[in-house]
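Chain naming here is simple, since letters A, B, ... match the order of the sequence lines and numbering starts at 1 in each.
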Amino acid sequence: MSITVRYFASLREFLNKSEEKLETTTALEIKEVWTQLNPDKVLPENTLMAINMAYVDADQKVQVNDELAFFPPVTGGGG
Amino acid sequence: MSITVRYFASLREFLNKSEEKLETTTALEIKEVWTQLNPDKVLPENTLMAINMAYVDADQKVQVNDELAFFPPVTGGGG
Amino acid sequence: MKIKITETALNPWQEIENYQANKSELSGKFGATNIFIGTMRDFNDGDEVTSMTLEHYSGMTEKQLATIIEKTQQNYAILDVLLIHRVGLLLPNQPIVLIAIWAVHRGDAFDACREIMEALKSSTPFWKKENLTEGSRWVTKNSKGYQT
Amino acid sequence: MKIKITETALNPWQEIENYQANKSELSGKFGATNIFIGTMRDFNDGDEVTSMTLEHYSGMTEKQLATIIEKTQQNYAILDVLLIHRVGLLLPNQPIVLIAIWAVHRGDAFDACREIMEALKSSTPFWKKENLTEGSRWVTKNSKGYQT
(Lines give C-alpha, C1' and ligand atoms only; values in the text may rest on other atoms or scores of the structure.)
Protein backbone atom coordinates (compact mmCIF):
# COMPACT_ATOMS: atom_id res chain seq x y z
CA MET A 1 0.00 0.00 0.00
CA SER A 2 1.41 3.35 -1.04
CA ILE A 3 0.88 6.94 -2.14
CA THR A 4 2.03 7.87 -5.64
CA VAL A 5 3.86 11.20 -5.73
CA ARG A 6 4.49 13.19 -8.91
CA TYR A 7 6.56 16.28 -9.65
CA PHE A 8 6.28 18.53 -12.69
CA ALA A 9 8.19 21.18 -14.65
CA SER A 10 10.83 23.20 -12.75
CA LEU A 11 10.14 21.24 -9.56
CA ARG A 12 10.75 17.96 -11.42
CA GLU A 13 14.08 19.34 -12.68
CA PHE A 14 15.01 20.75 -9.26
CA LEU A 15 14.41 17.38 -7.58
CA ASN A 16 15.60 15.39 -10.58
CA LYS A 17 12.70 12.95 -10.32
CA SER A 18 9.20 12.86 -11.77
CA GLU A 19 7.42 10.11 -9.88
CA GLU A 20 7.91 7.90 -6.83
CA LYS A 21 5.92 5.87 -4.35
CA LEU A 22 5.79 6.26 -0.59
CA GLU A 23 4.89 3.05 1.22
CA THR A 24 2.28 3.68 3.88
CA THR A 25 -0.70 1.93 5.44
CA THR A 26 -2.23 5.11 6.88
CA ALA A 27 -3.31 8.53 5.63
CA LEU A 28 -0.58 11.20 5.85
CA GLU A 29 -0.35 14.99 5.87
CA ILE A 30 0.93 16.43 2.58
CA LYS A 31 3.87 18.02 4.44
CA GLU A 32 4.73 14.66 5.97
CA VAL A 33 4.84 13.05 2.51
CA TRP A 34 7.14 15.80 1.24
CA THR A 35 9.47 15.59 4.23
CA GLN A 36 9.75 11.82 4.10
CA LEU A 37 10.57 11.85 0.39
CA ASN A 38 12.65 15.06 0.31
CA PRO A 39 14.19 15.29 3.78
CA ASP A 40 16.90 17.77 2.77
CA LYS A 41 14.70 20.08 0.60
CA VAL A 42 12.32 22.84 1.69
CA LEU A 43 9.00 22.74 -0.20
CA PRO A 44 9.32 25.79 -2.48
CA GLU A 45 6.93 28.66 -1.85
CA ASN A 46 4.08 28.91 -4.39
CA THR A 47 4.14 25.15 -4.99
CA LEU A 48 0.70 23.92 -6.04
CA MET A 49 -0.66 20.58 -4.87
CA ALA A 50 -3.24 18.20 -6.28
CA ILE A 51 -4.67 14.95 -4.96
CA ASN A 52 -6.15 12.62 -7.56
CA MET A 53 -5.87 15.43 -10.13
CA ALA A 54 -7.88 18.00 -8.14
CA TYR A 55 -6.31 21.03 -6.44
CA VAL A 56 -5.96 20.81 -2.66
CA ASP A 57 -4.61 22.99 0.13
CA ALA A 58 -1.43 22.05 1.99
CA ASP A 59 -3.39 20.94 5.06
CA GLN A 60 -5.28 18.22 3.18
CA LYS A 61 -4.66 14.56 4.17
CA VAL A 62 -3.43 12.08 1.56
CA GLN A 63 -5.14 8.69 1.64
CA VAL A 64 -3.50 5.40 0.81
CA ASN A 65 -3.58 4.79 -2.98
CA ASP A 66 -4.02 8.52 -3.69
CA GLU A 67 -1.95 10.27 -6.36
CA LEU A 68 -0.36 13.41 -4.93
CA ALA A 69 1.25 15.96 -7.25
CA PHE A 70 3.53 18.91 -6.56
CA PHE A 71 4.08 21.56 -9.24
CA PRO A 72 5.01 25.23 -9.79
CA PRO A 73 2.51 27.94 -10.91
CA VAL A 74 1.00 27.01 -14.26
CA THR A 75 1.81 28.91 -17.45
CA GLY A 76 -0.25 27.49 -20.29
CA GLY A 77 -2.26 29.31 -22.89
CA GLY A 78 -0.48 32.05 -24.76
CA GLY A 79 -1.00 35.74 -25.42
CA MET B 1 -25.88 74.19 -57.68
CA SER B 2 -27.61 71.70 -55.44
CA ILE B 3 -27.61 69.48 -52.37
CA THR B 4 -27.77 65.71 -52.96
CA VAL B 5 -30.16 64.00 -50.56
CA ARG B 6 -30.19 60.24 -49.93
CA TYR B 7 -32.56 57.96 -48.03
CA PHE B 8 -31.83 54.42 -46.83
CA ALA B 9 -33.56 51.26 -45.64
CA SER B 10 -37.03 51.61 -44.08
CA LEU B 11 -36.97 55.38 -44.68
CA ARG B 12 -36.24 54.80 -48.36
CA GLU B 13 -39.19 52.43 -48.55
CA PHE B 14 -41.45 54.77 -46.57
CA LEU B 15 -40.67 57.70 -48.91
CA ASN B 16 -40.39 55.48 -51.96
CA LYS B 17 -37.27 57.27 -53.17
CA SER B 18 -33.56 56.76 -52.58
CA GLU B 19 -31.90 59.90 -53.92
CA GLU B 20 -32.84 63.35 -55.14
CA LYS B 21 -31.33 66.79 -55.58
CA LEU B 22 -32.48 70.07 -54.06
CA GLU B 23 -31.47 73.10 -56.11
CA THR B 24 -30.05 75.84 -53.91
CA THR B 25 -27.39 78.55 -54.07
CA THR B 26 -27.15 78.97 -50.29
CA ALA B 27 -26.54 76.79 -47.25
CA LEU B 28 -29.70 75.40 -45.66
CA GLU B 29 -30.76 73.93 -42.32
CA ILE B 30 -31.24 70.13 -42.42
CA LYS B 31 -34.87 70.55 -41.37
CA GLU B 32 -35.42 73.01 -44.19
CA VAL B 33 -34.07 70.50 -46.72
CA TRP B 34 -36.39 67.81 -45.36
CA THR B 35 -39.44 70.08 -45.39
CA GLN B 36 -38.83 71.33 -48.91
CA LEU B 37 -38.43 67.79 -50.25
CA ASN B 38 -41.03 66.06 -48.06
CA PRO B 39 -43.59 68.77 -47.28
CA ASP B 40 -46.31 66.30 -46.24
CA LYS B 41 -44.11 63.99 -44.11
CA VAL B 42 -42.88 64.41 -40.54
CA LEU B 43 -39.20 63.48 -40.13
CA PRO B 44 -39.46 60.19 -38.17
CA GLU B 45 -38.09 60.20 -34.65
CA ASN B 46 -34.69 58.46 -34.28
CA THR B 47 -33.73 59.33 -37.86
CA LEU B 48 -29.96 59.60 -38.20
CA MET B 49 -28.34 62.21 -40.43
CA ALA B 50 -24.99 62.40 -42.17
CA ILE B 51 -23.38 65.11 -44.25
CA ASN B 52 -20.70 63.97 -46.66
CA MET B 53 -20.75 60.56 -45.00
CA ALA B 54 -20.10 61.81 -41.45
CA TYR B 55 -22.74 61.85 -38.70
CA VAL B 56 -24.20 65.27 -37.88
CA ASP B 57 -26.80 66.66 -35.50
CA ALA B 58 -30.10 67.99 -36.79
CA ASP B 59 -29.02 71.61 -36.24
CA GLN B 60 -26.07 71.36 -38.66
CA LYS B 61 -26.15 73.47 -41.85
CA VAL B 62 -25.93 71.82 -45.26
CA GLN B 63 -23.64 73.54 -47.73
CA VAL B 64 -24.16 73.68 -51.47
CA ASN B 65 -22.75 70.50 -53.13
CA ASP B 66 -22.94 68.55 -49.87
CA GLU B 67 -24.41 65.05 -49.74
CA LEU B 68 -27.03 64.81 -47.00
CA ALA B 69 -28.33 61.39 -45.91
CA PHE B 70 -31.32 60.41 -43.76
CA PHE B 71 -31.56 56.88 -42.36
CA PRO B 72 -33.05 54.79 -39.51
CA PRO B 73 -31.00 53.31 -36.63
CA VAL B 74 -28.33 50.97 -37.98
CA THR B 75 -28.51 47.21 -37.49
CA GLY B 76 -25.37 45.65 -38.97
CA GLY B 77 -23.09 43.05 -37.49
CA GLY B 78 -24.77 39.97 -36.14
CA GLY B 79 -24.86 38.09 -32.87
CA MET C 1 -5.29 46.53 -41.96
CA LYS C 2 -8.04 45.53 -44.36
CA ILE C 3 -11.72 46.47 -44.57
CA LYS C 4 -13.88 44.71 -47.13
CA ILE C 5 -17.60 44.97 -47.92
CA THR C 6 -18.71 42.09 -50.12
CA GLU C 7 -21.81 40.69 -51.81
CA THR C 8 -20.12 37.30 -52.09
CA ALA C 9 -20.60 34.50 -49.52
CA LEU C 10 -17.80 34.68 -46.97
CA ASN C 11 -15.55 31.82 -45.81
CA PRO C 12 -14.07 33.31 -42.63
CA TRP C 13 -11.43 30.57 -42.14
CA GLN C 14 -10.09 30.98 -45.67
CA GLU C 15 -10.07 34.77 -45.34
CA ILE C 16 -8.17 34.79 -42.04
CA GLU C 17 -5.69 32.12 -43.11
CA ASN C 18 -4.91 33.91 -46.38
CA TYR C 19 -4.62 37.30 -44.73
CA GLN C 20 -2.29 36.03 -42.03
CA ALA C 21 -0.16 34.02 -44.47
CA ASN C 22 0.49 37.14 -46.55
CA LYS C 23 1.49 39.22 -43.52
CA SER C 24 5.08 38.04 -43.08
CA GLU C 25 5.77 40.96 -40.73
CA LEU C 26 3.32 39.43 -38.21
CA SER C 27 5.14 36.08 -38.11
CA GLY C 28 6.51 35.40 -34.63
CA LYS C 29 5.43 38.85 -33.40
CA PHE C 30 1.82 38.23 -32.31
CA GLY C 31 0.84 36.15 -29.30
CA ALA C 32 -2.92 36.63 -29.41
CA THR C 33 -5.63 36.57 -32.05
CA ASN C 34 -9.25 37.26 -31.22
CA ILE C 35 -11.89 36.67 -33.86
CA PHE C 36 -15.56 37.46 -33.89
CA ILE C 37 -17.93 36.04 -36.48
CA GLY C 38 -21.57 37.08 -36.64
CA THR C 39 -23.67 34.49 -38.43
CA MET C 40 -27.22 34.58 -39.75
CA ARG C 41 -29.67 32.62 -37.62
CA ASP C 42 -32.79 30.95 -38.99
CA PHE C 43 -34.87 32.49 -36.18
CA ASN C 44 -35.31 35.92 -34.60
CA ASP C 45 -37.85 37.27 -32.12
CA GLY C 46 -39.69 33.96 -32.18
CA ASP C 47 -40.10 33.81 -35.96
CA GLU C 48 -38.50 31.69 -38.64
CA VAL C 49 -36.26 33.78 -40.90
CA THR C 50 -35.76 32.34 -44.39
CA SER C 51 -33.31 34.93 -45.72
CA MET C 52 -32.06 38.43 -45.06
CA THR C 53 -31.23 41.45 -47.19
CA LEU C 54 -28.41 43.64 -45.95
CA GLU C 55 -28.42 47.22 -47.22
CA HIS C 56 -25.56 49.66 -46.65
CA TYR C 57 -24.49 53.22 -47.39
CA SER C 58 -21.56 52.56 -49.66
CA GLY C 59 -18.69 54.95 -48.96
CA MET C 60 -19.88 56.03 -45.52
CA THR C 61 -19.69 52.41 -44.32
CA GLU C 62 -16.01 52.10 -45.17
CA LYS C 63 -15.28 55.57 -43.76
CA GLN C 64 -17.08 54.80 -40.50
CA LEU C 65 -15.33 51.44 -40.10
CA ALA C 66 -11.93 53.06 -40.65
CA THR C 67 -12.76 55.67 -37.99
CA ILE C 68 -13.82 52.96 -35.52
CA ILE C 69 -10.63 50.96 -36.08
CA GLU C 70 -8.45 54.06 -35.78
CA LYS C 71 -10.03 54.93 -32.44
CA THR C 72 -9.62 51.36 -31.15
CA GLN C 73 -5.95 51.41 -32.18
CA GLN C 74 -5.51 54.41 -29.90
CA ASN C 75 -7.10 52.51 -27.00
CA TYR C 76 -5.34 49.14 -27.39
CA ALA C 77 -1.95 47.87 -28.53
CA ILE C 78 -2.97 45.89 -31.59
CA LEU C 79 -0.86 44.83 -34.56
CA ASP C 80 -3.41 44.23 -37.30
CA VAL C 81 -7.14 44.15 -38.10
CA LEU C 82 -9.14 42.31 -40.74
CA LEU C 83 -12.81 43.29 -41.04
CA ILE C 84 -15.20 41.86 -43.63
CA HIS C 85 -18.93 42.54 -43.78
CA ARG C 86 -21.49 40.96 -46.08
CA VAL C 87 -24.16 42.93 -47.90
CA GLY C 88 -26.92 41.76 -50.26
CA LEU C 89 -28.93 38.56 -49.89
CA LEU C 90 -27.91 36.25 -47.04
CA LEU C 91 -29.13 32.79 -46.12
CA PRO C 92 -29.25 31.19 -42.64
CA ASN C 93 -25.89 29.88 -41.41
CA GLN C 94 -23.97 32.35 -43.61
CA PRO C 95 -21.44 34.64 -41.91
CA ILE C 96 -22.49 38.31 -41.79
CA VAL C 97 -19.36 39.84 -40.31
CA LEU C 98 -15.80 38.81 -39.52
CA ILE C 99 -13.49 40.80 -37.25
CA ALA C 100 -9.98 39.47 -36.57
CA ILE C 101 -7.47 41.21 -34.31
CA TRP C 102 -3.79 40.37 -33.96
CA ALA C 103 -1.93 41.63 -30.86
CA VAL C 104 1.07 40.78 -28.71
CA HIS C 105 -1.17 40.18 -25.68
CA ARG C 106 -4.59 38.62 -25.22
CA GLY C 107 -6.30 41.44 -23.31
CA ASP C 108 -5.63 43.91 -26.09
CA ALA C 109 -6.93 41.44 -28.70
CA PHE C 110 -10.13 40.59 -26.81
CA ASP C 111 -10.98 44.17 -25.84
CA ALA C 112 -10.22 45.65 -29.26
CA CYS C 113 -12.35 43.04 -31.03
CA ARG C 114 -15.26 43.66 -28.67
CA GLU C 115 -14.96 47.44 -28.97
CA ILE C 116 -14.90 47.34 -32.78
CA MET C 117 -17.88 44.97 -32.87
CA GLU C 118 -20.02 47.11 -30.55
CA ALA C 119 -19.08 50.30 -32.41
CA LEU C 120 -19.86 48.64 -35.75
CA LYS C 121 -23.31 47.61 -34.57
CA SER C 122 -24.17 51.00 -33.11
CA SER C 123 -22.76 53.34 -35.76
CA THR C 124 -22.02 51.76 -39.15
CA PRO C 125 -24.71 52.31 -41.79
CA PHE C 126 -25.89 48.76 -42.39
CA TRP C 127 -29.56 47.73 -42.25
CA LYS C 128 -31.05 44.26 -42.07
CA LYS C 129 -34.36 43.24 -43.57
CA GLU C 130 -35.59 39.80 -42.58
CA ASN C 131 -37.63 37.70 -44.96
CA LEU C 132 -40.04 35.52 -42.98
CA THR C 133 -42.16 32.61 -44.16
CA GLU C 134 -44.80 35.28 -44.76
CA GLY C 135 -43.72 38.81 -45.57
CA SER C 136 -40.62 40.71 -44.50
CA ARG C 137 -39.63 43.23 -41.85
CA TRP C 138 -36.81 45.64 -41.09
CA VAL C 139 -34.77 44.96 -37.99
CA THR C 140 -35.27 48.12 -35.96
CA LYS C 141 -32.80 47.71 -33.13
CA ASN C 142 -29.78 45.70 -32.01
CA SER C 143 -29.91 43.05 -29.30
CA LYS C 144 -27.90 43.81 -26.18
CA GLY C 145 -25.85 40.71 -26.98
CA TYR C 146 -26.94 38.39 -24.19
CA GLN C 147 -29.53 35.63 -23.88
CA THR C 148 -32.37 37.07 -21.83
CA MET D 1 -18.05 20.08 -26.73
CA LYS D 2 -14.54 18.90 -27.50
CA ILE D 3 -11.28 19.15 -25.56
CA LYS D 4 -8.08 17.99 -27.22
CA ILE D 5 -4.46 18.00 -26.04
CA THR D 6 -2.11 17.34 -28.94
CA GLU D 7 1.59 17.05 -29.73
CA THR D 8 0.88 17.69 -33.40
CA ALA D 9 1.11 21.15 -34.99
CA LEU D 10 -2.30 22.77 -34.95
CA ASN D 11 -4.11 24.41 -37.88
CA PRO D 12 -6.83 26.37 -36.08
CA TRP D 13 -8.82 27.27 -39.22
CA GLN D 14 -9.04 23.66 -40.33
CA GLU D 15 -9.99 22.51 -36.84
CA ILE D 16 -12.79 25.06 -36.44
CA GLU D 17 -14.13 24.56 -39.95
CA ASN D 18 -14.23 20.77 -39.56
CA TYR D 19 -15.75 20.91 -36.11
CA GLN D 20 -18.48 23.31 -37.18
CA ALA D 21 -19.22 21.41 -40.39
CA ASN D 22 -19.85 18.22 -38.41
CA LYS D 23 -22.19 19.93 -35.95
CA SER D 24 -25.37 19.99 -38.01
CA GLU D 25 -27.41 20.84 -34.92
CA LEU D 26 -25.61 24.21 -34.74
CA SER D 27 -26.58 25.19 -38.29
CA GLY D 28 -28.81 28.26 -38.29
CA LYS D 29 -28.95 28.32 -34.48
CA PHE D 30 -25.83 30.32 -33.58
CA GLY D 31 -25.43 34.04 -34.23
CA ALA D 32 -22.02 34.59 -32.64
CA THR D 33 -18.68 32.82 -32.64
CA ASN D 34 -15.75 34.10 -30.62
CA ILE D 35 -12.36 32.54 -31.10
CA PHE D 36 -9.13 33.02 -29.23
CA ILE D 37 -5.83 31.74 -30.55
CA GLY D 38 -2.64 32.00 -28.51
CA THR D 39 0.43 31.83 -30.72
CA MET D 40 4.11 31.38 -29.90
CA ARG D 41 6.13 34.58 -30.25
CA ASP D 42 9.82 34.66 -31.18
CA PHE D 43 10.52 37.04 -28.28
CA ASN D 44 9.68 37.28 -24.59
CA ASP D 45 10.93 39.55 -21.81
CA GLY D 46 13.37 41.15 -24.24
CA ASP D 47 14.99 37.89 -25.37
CA GLU D 48 14.82 35.94 -28.60
CA VAL D 49 13.02 32.62 -28.11
CA THR D 50 13.95 29.92 -30.61
CA SER D 51 11.55 27.20 -29.45
CA MET D 52 9.43 26.20 -26.50
CA THR D 53 8.66 22.96 -24.68
CA LEU D 54 5.19 22.62 -23.22
CA GLU D 55 4.82 20.13 -20.39
CA HIS D 56 1.48 19.10 -18.93
CA TYR D 57 -0.06 16.87 -16.28
CA SER D 58 -1.91 14.42 -18.48
CA GLY D 59 -5.29 13.54 -17.03
CA MET D 60 -5.52 16.48 -14.65
CA THR D 61 -5.29 18.87 -17.60
CA GLU D 62 -8.37 17.42 -19.30
CA LYS D 63 -10.23 17.23 -15.99
CA GLN D 64 -9.44 20.84 -15.13
CA LEU D 65 -10.45 22.08 -18.60
CA ALA D 66 -13.77 20.23 -18.38
CA THR D 67 -14.39 21.83 -14.97
CA ILE D 68 -13.62 25.30 -16.34
CA ILE D 69 -15.95 24.85 -19.31
CA GLU D 70 -18.73 23.49 -17.12
CA LYS D 71 -18.51 26.51 -14.84
CA THR D 72 -18.52 28.90 -17.79
CA GLN D 73 -21.60 27.17 -19.22
CA GLN D 74 -23.38 27.98 -15.96
CA ASN D 75 -22.41 31.66 -16.30
CA TYR D 76 -23.17 32.21 -20.00
CA ALA D 77 -25.67 30.92 -22.57
CA ILE D 78 -23.33 29.13 -24.95
CA LEU D 79 -24.10 26.39 -27.46
CA ASP D 80 -20.75 24.72 -28.01
CA VAL D 81 -17.04 24.85 -27.15
CA LEU D 82 -13.96 23.61 -28.97
CA LEU D 83 -10.69 23.77 -27.02
CA ILE D 84 -7.35 22.50 -28.32
CA HIS D 85 -4.00 22.94 -26.56
CA ARG D 86 -0.58 22.02 -27.87
CA VAL D 87 2.04 20.23 -25.80
CA GLY D 88 5.58 19.14 -26.68
CA LEU D 89 8.02 21.13 -28.81
CA LEU D 90 6.69 24.33 -30.37
CA LEU D 91 8.28 26.74 -32.83
CA PRO D 92 7.64 30.48 -33.17
CA ASN D 93 4.44 31.36 -35.06
CA GLN D 94 2.82 28.03 -34.10
CA PRO D 95 -0.55 28.13 -32.32
CA ILE D 96 -0.42 27.09 -28.65
CA VAL D 97 -4.11 27.17 -27.83
CA LEU D 98 -7.42 27.50 -29.63
CA ILE D 99 -10.72 28.28 -27.90
CA ALA D 100 -13.87 28.62 -30.00
CA ILE D 101 -17.29 29.44 -28.56
CA TRP D 102 -20.62 29.27 -30.37
CA ALA D 103 -23.57 31.18 -28.90
CA VAL D 104 -26.83 32.78 -29.96
CA HIS D 105 -25.60 36.21 -28.87
CA ARG D 106 -22.25 37.98 -29.06
CA GLY D 107 -21.89 39.00 -25.41
CA ASP D 108 -22.16 35.41 -24.22
CA ALA D 109 -19.62 34.28 -26.84
CA PHE D 110 -17.07 37.01 -26.01
CA ASP D 111 -17.37 36.71 -22.23
CA ALA D 112 -17.32 32.90 -22.16
CA CYS D 113 -14.22 32.77 -24.37
CA ARG D 114 -12.43 35.30 -22.19
CA GLU D 115 -13.42 33.53 -18.98
CA ILE D 116 -12.25 30.13 -20.22
CA MET D 117 -8.96 31.59 -21.44
CA GLU D 118 -8.18 33.34 -18.14
CA ALA D 119 -9.15 30.26 -16.12
CA LEU D 120 -7.04 28.04 -18.37
CA LYS D 121 -3.99 30.24 -17.85
CA SER D 122 -4.39 30.47 -14.10
CA SER D 123 -5.36 26.91 -13.24
CA THR D 124 -4.64 24.29 -15.90
CA PRO D 125 -1.43 22.29 -15.34
CA PHE D 126 0.63 23.35 -18.35
CA TRP D 127 4.19 24.67 -18.07
CA LYS D 128 6.27 26.46 -20.67
CA LYS D 129 10.03 26.21 -20.99
CA GLU D 130 11.59 28.68 -23.40
CA ASN D 131 14.68 27.79 -25.37
CA LEU D 132 16.78 30.92 -25.96
CA THR D 133 19.74 31.42 -28.27
CA GLU D 134 21.79 30.45 -25.21
CA GLY D 135 20.27 28.14 -22.62
CA SER D 136 16.65 27.72 -21.56
CA ARG D 137 14.33 28.94 -18.82
CA TRP D 138 10.97 28.09 -17.31
CA VAL D 139 8.26 30.71 -17.65
CA THR D 140 7.40 31.44 -14.02
CA LYS D 141 4.30 33.61 -14.35
CA ASN D 142 1.60 34.72 -16.77
CA SER D 143 1.45 38.18 -18.28
CA LYS D 144 -1.55 40.26 -17.30
CA GLY D 145 -2.53 40.26 -20.97
CA TYR D 146 -1.88 43.88 -21.89
CA GLN D 147 1.02 45.77 -23.46
CA THR D 148 2.68 47.69 -20.64
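No side-chain N or O of C:N131 forms a donor-acceptor pair with one of C:T50 less than 3.5 Å apart.
C:W102 and C:Y19 have their aromatic ring centers within a separation under 6.0 angstrom.
Chain B forms the most heavy-atom pairs under 4.5 Å with one residue out of C:I96, C:V87, C:T61, and that residue is C:I96. Of the listed residues (B:G79, B:A54, B:S10, B:P73), the one with the most heavy-atom contacts under 4.5 Å to chain C is B:S10. Chosen from C:L120, C:T124, C:I37, the residue pairing most often with chain B at heavy-atom distances under 4.5 Å is C:T124.
No donor-acceptor distance shorter than 3.5 angstrom exists from the side chain of C:E118 to the backbone of C:E115, with no hydrogens or angles considered.
C:S122 touches chain B through its backbone: at least one of N, CA, C or O sits under 4.5 Å from a heavy atom, while the side chain does not. In this structure, chain B has heavy atoms under 4.5 Å from both the backbone and the side chain of C:K121.
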Throw together a table of side-chain donor-acceptor distances under 3.5 angstrom for residues 43-52 of chain B, partners on residues two or more places apart or in other chains.
{"residue": "B:T47", "atom": "OG1", "partner": "B:P44", "partner atom": "O", "Å": "2.6"}
{"residue": "B:N52", "atom": "OD1", "partner": "B:E67", "partner atom": "N", "Å": "2.8"}
{"residue": "B:N52", "atom": "ND2", "partner": "B:D66", "partner atom": "OD1", "Å": "3.0"}

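Within the model, atoms CZ of C:R41 and CD of C:Q94 stand 15.5 Å from one another, a figure rounded to the nearest 0.5 Å.
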